[in-house]
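Naming convention: chains lettered A, B, ... in sequence-line order (proteins, then strands); numbering from 1 in each chain.
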Number of protein chains: 2
Amino acid sequence: MKQKPTLKVIAKELDVSVSTVSKALRDSKEIGEETKRKVKAFAKLYNYRPNNIALSLKNKKTKTLGVIIPEIVHHFFTTVISGIEHYANDKGYNVIVGLSNESFKKEVINLEMLANGSIDGFIISVAKETLSFKDFHHLSETIDQGIPIVMFDRVIDDIECDKVIVDDVKTSAKAVQKLIDGGCKNIGIISTKDYVSVGRLRTEGYKNALNANHIEIQKSRILKIDDKFNSDDNIEFLEEQIYTYFEENEVDGLFAVNELYAITAMKVARQKGLTIPDDLQVIGFTDGVLSKHAFPPLTTISQHGFEMGEESAKLLIDRLENPNEDEEPFKTIVVKTDIIDRETTKLHNPKK
Amino acid sequence: MKQKPTLKVIAKELDVSVSTVSKALRDSKEIGEETKRKVKAFAKLYNYRPNNIALSLKNKKTKTLGVIIPEIVHHFFTTVISGIEHYANDKGYNVIVGLSNESFKKEVINLEMLANGSIDGFIISVAKETLSFKDFHHLSETIDQGIPIVMFDRVIDDIECDKVIVDDVKTSAKAVQKLIDGGCKNIGIISTKDYVSVGRLRTEGYKNALNANHIEIQKSRILKIDDKFNSDDNIEFLEEQIYTYFEENEVDGLFAVNELYAITAMKVARQKGLTIPDDLQVIGFTDGVLSKHAFPPLTTISQHGFEMGEESAKLLIDRLENPNEDEEPFKTIVVKTDIIDRETTKLHNPKK
DNA sequence: ATGAAAGCGCTAACAT
DNA sequence: ATGTTAGCGCTTTCAT
C-alpha cells in the first residue's frame with residue numbers, strides 16, 4: 001500500500017523546501033528550470049495530487065455543492081441531479097446529496113451538517129413538511145451566514161434567493177386547454193394540498209383555463225391529495241381517494257399534477273370500465289419513466305428536469321465565483337415546458 | 001450577514017486561549033466549571049459549529065463516502081443510494097455522488113477527483129464500458145492507496161474488495177423455474193452482453209433451470225441486447241431487437257434481466273396480438289416503479305436495493321472504523337431476493 | 001532561485 | 001486550571 005505523497009515527502013526526498021516544490025508544481029517563474037523539471041518528474045512518478053481538504057481549508061472553499069432533495073427514488077429529482085452533476089463536474093465541482101425524506105427535521109439536520117464548511121452553497125427543493133410547517137429559519141440562517149442557496153421546483157416565495165422553476169400556472173392552463181380543445185366537457189384535477197406550492201399553482205392554472213373558457217369551476221372536481229410523505233409507499237391510500245373521487249364525479253378529462261397521480265387514476269378508471277382516451281382523457285405533469293411506459297402511454301408535461309438542474313448549478317456557481325456576489329440581484333429562472341403528446345389525449349395525433 | 005464564529009474569535013472575545021475554548025466545548029475536565037459555562041453559553045449564543053474541513057484535515061478523515069454509479073435516473077440505483085444514505089447518515093457520514101454515465105473515462109475522473117482527500121472510501125457499481133474494456137487499474141490503484149472500495153451489483157471478480165451482490169444465478173433459475181411450473185414450454189430470455197456480469201450470471205441461471213428440467217437450450221431464444229450505454233435513450237433500438245426476436249422465436253415464457261426489457265417485451269408482444277399472461281408469461285428482474293405500475297403489473301424479482309445500499313455502507317464504514325482494517329478478510333454479502341407475484345405469470349394467485 | 005514562516009480552524013501533547 | 005506549541009497539507013508573502 002503506497003501512501004499518497006505530500007509536498008513534504010517530495011521536498012524531503014529531493015532535498016528542497018516544501019515551498020519550492022509547491023511553486024515548482026504550479027510552474028512559478030521563481031523556480032529554476034532544472035528544479036522544476038526534477039520536481040515535476042518526481043511528482044508524476046509518484047502520482048502526486050494535492051490534497052483537496054488542505055486546499056479547501058486554505059482557500060476557504062470546497063468546490064462542492066450540497067444538494068438537498070425530498071427523495072431520490074423519484075424520476076424528476078434524479079433528472080435534476082443529473083443536470084446539476086453535469087454542469088458542476090464540468091466546472092470542477094463535486095456534489096454532495098442529502099435526502100430530507102420530506103421531513104422538516106431531516107432537512108434541517110442535513111443543512112446544518114453540510115453548512116459547517118463541507119460545501120460552498122446549496123441547491124434545494126424544499127420538503128413538504130417544511131412547506132406545511134412554514135418554518136424556514138434554517139434556510140434564512142444559512143443565507144445569513146453567507147452560504148448561497150438556489151431553490152428549484154418547490155420554492156419559498158418569502159425567502160430571497162435564486163430560484164429555478166417552471167411556470168406552473170401557465171403550463172397547467174395549457175394542459176387543461178388541451179383537454180378542452182380535445183372535447184372534454186367535465187374536467188377534473190388531481191392535485192396536492194395547497195401548501196405544496198406546485199400543487200397550488202397548478203390548481204390555479206386549471207382554474208384559469210376553465211375561466212378563460214367560461215366553464216364553471218366545480219369544487220368537487222378538485223381533488224387535493226393529502227400525502228405529506230412519499231406517496232409511493234402509500235399507493236392504496238391514493239387509489240382509495242381517487243376511487244371515491246370517481247364515485248362522486250363524472251369527468252371525461254383529467255389533469256394530474258404528477259405522473260403517479262395520473263397513472264393511478266388511469267388504473268382506477270380502467271377498473272371502473274372506462275376506456276382511455278375515449279371515455280376519459282388524461283394529462284400528467286412531469287415526464288418520467290412511468291408516463292413513457294404506461295398503458296396507454298401518457299400524454300404529459302415535460303418539465304425538463306435536466307435543464308432545471310443545469311440552470312440551478314449555473315446560478316449557484318455563478319454566484320459563488322462572482323466576486324461581488326452580494327450585489328447581484330436574485331434571479332428566478334423559468335424553465336420552459338412542453339406537452340408531450342402520447343395516447344391518453346385525443347387532439348393531435350400522437351407522434352409515436 | 002453574520003460570519004460563522006471560529007474558536008479563535010470566541011477565544012479573543014472571552015479573553016482566553018483557543019485551546020481552552022476547544023477543551024471547554026468538548027467538556028474536558030481540565031477546564032474549570034465556570035469557564036466551561038461561559039464558553040458554552042457564548043458558543044451557543046453565536047451558534048458555533050466546528051468547521052468540518054479543519055476537522056477532516058486534522059483527523060485525516062472526512063466522514064464522507066464517495067458513491068460512483070453508472071446513472072442516477074434509474075430506480076435500482078436510487079434505491080441503493082437511499083439505503084447508503086440511510087445507514088451513512090445514521091453513522092454521521094455524508095455521501096458524495098459521482099456519475100460515470102457508463103463511461104470508463106468519467107469513472108476514472110470521478111474516482112481520482114474524490115480520491116484526493118475528499119472521501120474516506122468508495123461504494124461503486126462499475127460502468128459497462130469499464131467492464132467491457134476490462135481496464136481496472138483505477139480501482140486497484142485506489143485500493144493500493146489505502147482507500148477501501150465496496151462494489152455492489154456490477155462487480156469485478158479479479159479485484160479484491162468487499163462486495164454486495166445478489167445471487168444472480170440462483171435467483172434467475174428460480175424465476176425460470178416459476179415459468180416452467182406455470183406451464184411454459186418455450187422459455188426465452190432477454191439478457192445483456194456477457195461482459196455485464198449480471199447479464200452473464202442471469203443467463204447462466206436461466207440455462208441451469210432449463211437443464212435441471214431436461215429442457216433443451218436453444219441458442220436463438222437467448223437474446224443478448226447490446227446497449228453499452230443508457231438504454232432508456234434508446235428505446236427504439238431495444239424494441240427493434242425484441243421485435244425481431246419475436247419474429248424468430250415462438251415463446252410462451254420470457255425472463256428479462258431488467259424491468260425495462262420486460263416492459264418493452266410486453267409492449268412488443270401486445271403489438272403482435274399476444275395476451276399476457278395467457279399467451280405469454282413474463283418475469284422481470286429488479287422491482288422498480290415500472291413493474292409495479294405496468295399493465296398488467298409485472299411479476300418480478302425484488303433485488304432489495306435499499307438493503308444492498310445499507311449493507312454496502314455498513315461494510316465500508318466497518319472497514320473504515322475498524323482499527324486493523326487491513327487484516328479483515330474481504331467479504332461478499334449476498335442479499336436475498338424475492339419473487340414478487342403480480343399479474344404477468346399464472347402460477348399462484350397474485351396477492352394484490 | 002530558494003527557503004522560512006505564517007496561517008486556514010482545529011486538536012492534543014506538553015508546559016506552566 | 002489555563003496556555004503554548006506543533007502539526008494536519010497547502011499556498012503565499014516575505015526574507016535571503
Side-chain angles (χ1 to χ4, degrees), chain A residues 3-40 42-43 46-64 92 114-120 145-147, chain B residues 3-40 42-43 46-64 92 114-120 145-147:
Chain A
Q3 273 298 348
K4 291 231 97 172
T6 64
L7 289 188
K8 203 172 165 184
V9 323
I10 298 184
K12 190 183 295 174
E13 213 71 27
L14 261 42
D15 210 46
V16 291
S17 81
V18 178
S19 55
T20 302
V21 177
S22 173
K23 285 170 187 162
L25 288 175
R26 332 192 88 240
D27 225 357
S28 157
K29 53 193 147 305
E30 289 183 47
I31 305 297
E33 282 310 318
E34 179 54 21
T35 317
K36 271 196 212 171
R37 225 187 336 271
K38 234 175 33 190
V39 171
K40 282 182 185 170
F42 193 93
Y46 285 89
N47 194 28
Y48 170 81
R49 294 272 180 283
N51 179 307
N52 284 334
I53 296 295
L55 287 181
S56 296
L57 184 59
K58 180 107 252 261
N59 301 331
K60 310 258 241 152
K61 48 182 164 179
T62 59
K63 288 274 217 170
T64 108
L114 297 177
N116 301 311
S118 300
I119 53 88
D120 295 338
Q145 280 167 23
I147 301 176
Chain B
Q3 274 297 348
K4 291 233 98 172
T6 64
L7 289 188
K8 203 171 162 186
V9 322
I10 298 184
K12 189 184 297 177
E13 213 70 28
L14 260 43
D15 211 46
V16 292
S17 82
V18 177
S19 59
T20 303
V21 178
S22 173
K23 285 171 187 161
L25 288 175
R26 332 191 90 238
D27 226 355
S28 158
K29 53 193 146 301
E30 288 183 45
I31 305 296
E33 282 309 320
E34 178 54 20
T35 316
K36 271 195 210 171
R37 224 186 339 269
K38 235 176 31 190
V39 171
K40 282 182 185 169
F42 194 92
Y46 286 89
N47 193 30
Y48 170 80
R49 296 270 181 285
N51 180 308
N52 285 333
I53 297 295
L55 288 180
S56 296
L57 184 59
K58 180 109 250 267
N59 301 332
K60 309 258 243 155
K61 49 183 162 179
T62 59
K63 288 274 217 169
T64 108
L114 297 177
N116 301 311
S118 300
I119 53 89
D120 295 338
Q145 281 168 22
I147 301 175

Exercise. Any pair with a residue in residues 3-23 of chain A that passes salt bridge (charged side-chain N to carboxylate O under 4.0 Å, His left out), sequence neighbours left out, goes on the list, sorted by first then second residue, please.
Key: K23(A)-E30(A)
Quiz item: What parts of residues 52-59 of chain B reach DNA chain C, counting only heavy atoms under 4.0 Å away?
Solution: A54(B), L55(B), K58(B)
Quiz item: Just how far, in rounded Å, is C1' of dC10(C) from NZ of K61(B)?
Solution: 15 Å
Quiz item: Above 12 or not: heavy atoms from other molecules or residues under 6.0 Å from OH of Y46(B)?
Solution: no
Self-check item: Gap separating the CZ atom of R49(B) from the CG atom of L25(B), nearest 0.5 angstrom
Solution: 11.0 Å
Quiz item: So, the side chain of N59(A) versus the backbone of K61(A): is there a donor-acceptor pair under 3.5 Å, distance only?
Solution: no
Exercise. For L7(B) and dA12(C), give me the distance from atom CG to atom P, rounded to whole Å.
Key: 12 Å
Practice problem: Could you check which residues of residues 10-22 of chain A get a heavy atom under 4.0 Å from DNA chain C? Sort them by number, please. | Solution: V16(A), S17(A), S19(A), T20(A)
Quiz item: Considering only heavy atoms and no angle criterion, is a donor-acceptor pair shorter than 3.5 Å present between the side chain of K23(B) and the base of dG3(D)?
Solution: yes
Exercise. Using heavy atoms and a sub-4.0 Å distance, could you list which residues of residues 24-38 of chain A are near DNA chain C? By number, please.
Key: K29(A), E30(A), I31(A), G32(A), T35(A)
Self-check item: Axial bend angle, the helix from dA1(C)-dT16(D) to dT16(C)-dA1(D): five-pair end segments, nearest 10°
Solution: 60°
Self-check item: Donor-acceptor pair, side chain of K63(A) and main chain of S56(A), under 3.5 angstrom
Solution: no
Practice problem: Not counting sequence neighbours, which residues clear side chain to side chain contact (heavy atoms under 4.5 Å, CB included) with L114(A)? List them please. | Solution: I96(A), S118(A), I119(A), F122(A), N94(B)
Quiz prompt | K8(B) NZ to dT11(C) P, straight-line distance once rounded to whole Å | solution = 15 Å
Quiz item: Quick one: is dG9(C) close enough that its OP1 or OP2 comes under 4.0 Å of any side-chain N or O from K60(A)?
Solution: yes
Quiz prompt | Under 4.0 angstrom between Y48(B) side-chain N/O and dG9(C) OP1 or OP2 | solution = no
Practice problem: Check step by step if side-chain contact (heavy atoms from CB on, under 4.5 Å) holds for Q3(A) and V9(A). | Solution: CA-CA 11 Å; Q3(A) 273 298 348; V9(A) 323; over 6 Å; no
Quiz item: What are the two closest heavy atoms between T62(B) and D120(B), and how far apart are they?
Solution: N-OD1, 2.7 Å
